[in-house]
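Remarks on the structure that follows.
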Amino acid sequence: MSATAGLRHATARLWWYVREFTGETAYDRYVERHRREHPGQPPLSRGTFERRRTDARGSDPREGFRCC
């Protein structure tokens, strides 16, 4: 593996971890599952998905007090 290919691979892995850690991949997984389980029906828009996800997190009593 050349130095350039190694750097590209390391950067891709780092980007994957960042996206996983920040929850960025949640929508991608949702769309994939939705298309598999509900073919022919459009998935939620990213904005609607994120709003519902945020609302669900804020209303979960197991998470404890949330100030923001």
Side-chain angles (χ1 to χ4, degrees):
M1 182 182 303
S2 70
T4 304
L7 181 60
R8 268 197 306 258
H9 178 74
T11 303
R13 294 298 297 166
L14 177 61
W15 185 244
W16 180 86
Y17 280 109
V18 168
R19 291 186 73 228
E20 285 291 327
F21 180 73
T22 61
E24 181 73 20
T25 57
Y27 182 72
D28 298 337
R29 285 192 301 267
Y30 157 74
V31 169
E32 184 179 311
R33 188 184 75 242
H34 186 276
R35 288 190 177 145
R36 193 174 52 247
E37 294 177 5
H38 307 285
Q41 294 179 0
L44 297 174
S45 70
R46 182 169 201 118
T48 302
F49 172 82
E50 292 296 344
R51 274 190 300 279
R52 287 185 181 181
R53 186 170 160 230
T54 301
D55 291 346
R57 273 196 322 240
S59 65
D60 189 348
R62 293 173 296 179
E63 288 190 16
F65 178 75
R66 292 186 64 117
C67 67
C68 314

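For reference, positions follow the sequence shown, starting with 1.
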Listed pairs under 3.5 Å, donor-acceptor, residues 2-14 side chains, sequence neighbours left out:
residue, atom, partner, partner atom, Å
Ser2, OG, Ala5, N, 3.2
Thr11, OG1, Leu7, O, 2.8

For Arg19, I'd like to know if atom CZ has over 12 heavy atoms of other residues, nucleotides or ligands within 6.0 Å.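 Atom CZ in Arg19 is crowded, with more than 12 foreign heavy atoms closer than 6.0 Å.
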- Message: Is it the case that over 12 heavy atoms from other parts of the model lie below 6.0 angstrom from the CH2 atom of Trp16?
- Response: yes
Non-neighbouring partners of [X] that pass side chain to side chain donor-acceptor pair (under 3.5 Å), sequence neighbours left out:
{"X": "Arg29", "result": "Glu20, Thr25"}
{"X": "Arg35", "result": "none"}
{"X": "Arg51", "result": "Thr48"}
{"X": "Arg53", "result": "Glu50"}

Could you work out the complete set of other residues in the hydrophobic cluster of Phe49, with links drawn between I, L, V, M, F, W and Y side chains under 4.5 Å apart?
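Members other than Phe49 - counting any ILVMFWY side chain reachable under 4.5 Å - are Tyr27, Tyr30, Val31, Leu44.
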Gln41: which residues meet the side chain to side chain contact (heavy atoms under 4.5 Å, CB included) condition with it, sequence neighbours left out?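 Side chain to side chain contact (heavy atoms under 4.5 Å, CB included) check on Gln41 returns His34, His38.
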